[in-house]
Trainee: 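Let me begin by handing over the structure; questions about it come next.
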Protein chains: 2
Amino acid sequence: MVSIHQRIFEDIEARIMSGVWLPGHRIPFEHELVKEYQCSRMTVNKALSALAERGMIIRRRKVGSFVAARQIDRTVMDIRDISTEAELAGHDHSYTILMRKIETLDAATATQLGEQAGAEILRLQCLHAVDGKPHALERRIIMLAMAPSARTENFASVPPGKWLLDMVPWSKARHVIRAVSADAATARLLETERGEACLTLIRQTWRSSRTVTYVEIIHPGDRFQFASDFHPTEKSVTEQLPRRSAT
Amino acid sequence: MVSIHQRIFEDIEARIMSGVWLPGHRIPFEHELVKEYQCSRMTVNKALSALAERGMIIRRRKVGSFVAARQIDRTVMDIRDISTEAELAGHDHSYTILMRKIETLDAATATQLGEQAGAEILRLQCLHAVDGKPHALERRIIMLAMAPSARTENFASVPPGKWLLDMVPWSKARHVIRAVSADAATARLLETERGEACLTLIRQTWRSSRTVTYVEIIHPGDRFQFASDFHPTEKSVTEQLPRRSAT
DNA sequence: TCTATCTATTTGTATAGACAAAAGCGGATC
DNA sequence: GATCCGCTTTTGTCTATACAAATAGATAGA
């Protein structure tokens with residue numbers, strides 16, 4: 001039992017995905033689809049608007065709707081908290097806080113983060129293990145002004161990444177993935193060779209244009225990779241249970 | 001000049017993003033918003049449906065609409081063709097085809113790709129340079145059964161990645177990002193040290209569950225990184241000019 | 001020839017009204 | 001208490017209609 005607009009959506013989507021309608025091809029005008037599907041224009045419009053919203057077609061007044069140039073290579077990557085990721089994959093996750101101290105932001109780091117030097121920060125270093133083997137080294141800075149409750153949190157039971165996501169709202173995130181060679185200290189902690197290629201994820205999150213946290217997560221290259229499947233068509237169904245209101 | 005449904009959308013979005021309405025919070029019922037904005041229910045419905053489509057709220061009949069749990073850490077990563085990327089950044093891009101030969105798929109590679117050994121493939125190796133410096137080594141396999149026109153294409157004027165995107169439809173892609181140490185051959189081509197950390201992107205694309213192409217793109221770690229900004233709210237505006245129809 | 005204006009077409013937005021589907025809730029019954 | 005039934009609320013879909021905005025193409029004018 002599907003609705004009409006959904007059927008129109010899927011019919012057109014299928015023709016685009018299968019290559020029957022190639023990029024640039026003009027999709028029937030709304031009034032033509034109205035005739036074809038025996039429904040009102042609003043219904044057709046809803047279907048086409050959804051396709052446009054999804055980037056599959058482009059619509060221009062007086063001109064028509066066209067199959068969009070292939071959305072070349074934009075992919076959605078799930079970048080999860082390590083503990084969440086390990087759990088999902090059915091692995092065992094543990095972590096150790098190696099360092100936790102409150103200091104003030106030095107000039108160099110401040111510039112790097114785009115913040116004022118002298119701001120009070122919590123600096124954390126944390127070693128994650130999956131199934132007993134070192135899996136990632138986390139170096140984190142938390143701006144205490146943006147997350148004051150971090151001052152008294154010892155992260156004994158919840159790892160900092162997860163804790164922050166639950167406790168501190170953010171509005172923008174920046175991710176950078178790079179490959180670096182392990183320096184001596186990192187190699188020792190990760191139980192790998194010095195110079196070994198490591199996959200580093202850097203994440204900086206902001207709330208109203210002020211940094212909330214900055215973190216580097218360094219994975220040994222032989223034990224970790226990012227992967228994502230991408231179906232250009234798929235809806236992002238991320239049903240999240242609101243069964244009980246948090247009032 | 002914004003439409004009403006857009007204003008409703010943005011008002012609610014802003015309250016969610018700022019943390020005024022936390023996850024689990026009940027959003028006013030449609031009829032309440034109708035009163036507040038002095039508009040019809042269809043208009044309110046459009047705004048709320050869009051928010052739901054975007055995953056920011058969850059709607060349940062008879063119950064209401066609720067702010068969704070924070071979409072923790074899903075980020076959209078633009079993984080573009082190298083030449084496109086370079087152009088966008090205003091850099092100069094050139095490439096050399098190092099190898100181009102037609103062979104049959106050996107057993108090991110076939111297993112890796114999930115295809116039948118013995119299939120005819122085009123094997124390519126291509127060195128990309130940006131602003132005159134080696135930037136990436138591309139090792140590609142094209143399944144000739146899925147892209148027969150590749151047989152006669154010499155990729156002299158259009159790099160293989162771009163050519164494939166334009167010419168060959170695909171329905172699914174898989175991306176893997178990993179860090180590896182450069183072996184001797186790779187290091188020489190990329191003009192870097194052996195053992196240097198490299199950022200490798202692997203992409204495999206399928207059409208109707210058969211591989212179209214498989215490619216490894218190896219970047220020197222000191223000259224490349226993946227980066228993406230993520231605003232949980234933002235629409236994915238990928239305006240692509242259809243000015244001239246390709247009929 | 002070039003420019004400004006008009007016109008027709010297509011999409012975008014909005015409305016009021018209708019009914020359907022889902023689901024919480026209370027009451028009746030066993 | 002457990003189960004079923006019907007009531008009510010809220011969202012989901014659809015229609016018919018209307019006008020606005022954009023704009024390609026035609027037309028008129030300089």
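In what follows, chains are A, B, ... by sequence order, proteins preceding strands, each numbered from 1.
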Trainee: Without decimals, in angstroms, what is the distance between Lys35(B) NZ and dA16(C) C1'?
Mentor: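 Those two atoms, NZ and C1', are 17 Å apart.
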Trainee: Please determine whether a side-chain nitrogen or oxygen atom of Thr43(A) lies at a distance below 4.0 Å from atom OP1 or OP2 of dT13(D).
Mentor: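 No, no such contact exists.
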Trainee: Is atom CD of Gln112(B) surrounded by more than 12 heavy atoms (other residues, nucleotides or ligands) closer than 6.0 Å?
Mentor: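 Yes, enclosed.
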Trainee: Write down the distance between CD1 (Ile4(B)) and P (dG12(C)), rounded to a whole number of angstrom.
Mentor: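 Checked: the CD1 to P distance equals 17 Å.
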Trainee: Any side-chain N or O of Ser65(B) below 4.0 angstrom from OP1/OP2 of dT10(D)?
Mentor: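 Checking Ser65(B) against dT10(D): no side-chain N or O falls below 4.0 Å of OP1 or OP2.
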Trainee: Could you give the CD1-to-C1' distance, from Ile27(A) to dT11(C), as a whole number of Å?
Mentor: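 Rounded to whole Å, this separation is 13 Å.
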Trainee: Using 30° and 60° as the class boundaries, would you call the ring planes of His128(B) and His93(B) parallel, tilted or perpendicular?
Mentor: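 The arrangement is parallel - the two ring planes meet at less than 30°.
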Trainee: Nearest-Å distance, NZ (Lys46(A)) to P (dT13(C))?
Mentor: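 Taking NZ of Lys46(A) and P of dT13(C), I get 14 Å after rounding.
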Trainee: Less than 4.0 angstrom between a side-chain N/O of Arg60(B) and OP1 or OP2 of dT10(D), yes or no?
Mentor: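 So the side-chain polar atoms of Arg60(B) never come under 4.0 Å of the phosphate oxygens OP1 or OP2 of dT10(D).
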Trainee: Checking Gln204(B) against Thr211(B): is there a side-chain donor and acceptor pair closer than 3.5 Å?
Mentor: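 On atom types as modelled, these side chains qualify, holding a pair under 3.5 Å.
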Trainee: From C-beta outward on His31(B), which listed nucleotide comes closest to its side chain: dT10(D), dT13(D), dG12(D)?
Mentor: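 Nearest listed nucleotide: dT10(D).
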Trainee: Reading nucleotides 16-22 of chain D 5' to 3', which nucleotides get B (base under 4.0 Å from a protein heavy atom), which S (sugar-phosphate only), which -?
Mentor: BBB--BB
Trainee: Calculate the interatomic distance between Glu30(A) atom CD and dC14(D) atom C1'; express it in whole Å.
Mentor: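 Answer to the nearest Å: 15 Å.
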Trainee: dT13(D) P sits how many Å from Glu53(B) CD, rounded?
Mentor: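 The answer, rounded to whole Å, is 10 Å.
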Trainee: Under a 3.5 Å distance rule, please check whether Tyr95(A) uses its side chain to pair with a backbone N or O of Ile82(A) as donor and acceptor.
Mentor: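 The answer is no, because no donor-acceptor pair under 3.5 Å joins these two groups.
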Trainee: Taking NZ, NE, NH1 and NH2 as the nitrogens, is one of them in Glu53(B) or Arg59(B) under 4.0 Å from a carboxylate oxygen of the other?
Mentor: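 Here Glu53(B) does not pair with Arg59(B) in a salt bridge, since their nearest N and O are not under 4.0 Å apart.
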Trainee: Is the backbone of Arg7(B) close enough, under 3.5 Å, to the side chain of Glu10(B) for a donor and an acceptor to pair up by distance?
Mentor: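 No, because the side chain of Glu10(B) does not come within donor-acceptor range (under 3.5 Å) of the backbone of Arg7(B).
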Trainee: Is the ring pair Phe226(B)/Phe224(B) parallel, tilted or perpendicular, if the boundaries are 30 and 60 degrees?
Mentor: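 Ring orientation of Phe226(B) relative to Phe224(B): perpendicular.
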Trainee: How long is the line joining CD1 of Ile8(A) and P of dT15(D), in whole Å?
Mentor: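 Computing the Ile8(A):CD1 to dT15(D):P distance gives 9 Å.
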Trainee: Atom CD1 of Ile58(A) and atom P of dT23(D): how far apart are they, to the nearest Å?
Mentor: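 Going from Ile58(A) (CD1) to dT23(D) (P), I get 13 Å.
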Trainee: Hey, which of these two, Phe29(B) or Asn45(B), hits DNA chain D nearer its 5' end, going by closest nucleotide?
Mentor: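 Checking each residue's closest nucleotide, the 5'-ward one belongs to Phe29(B).
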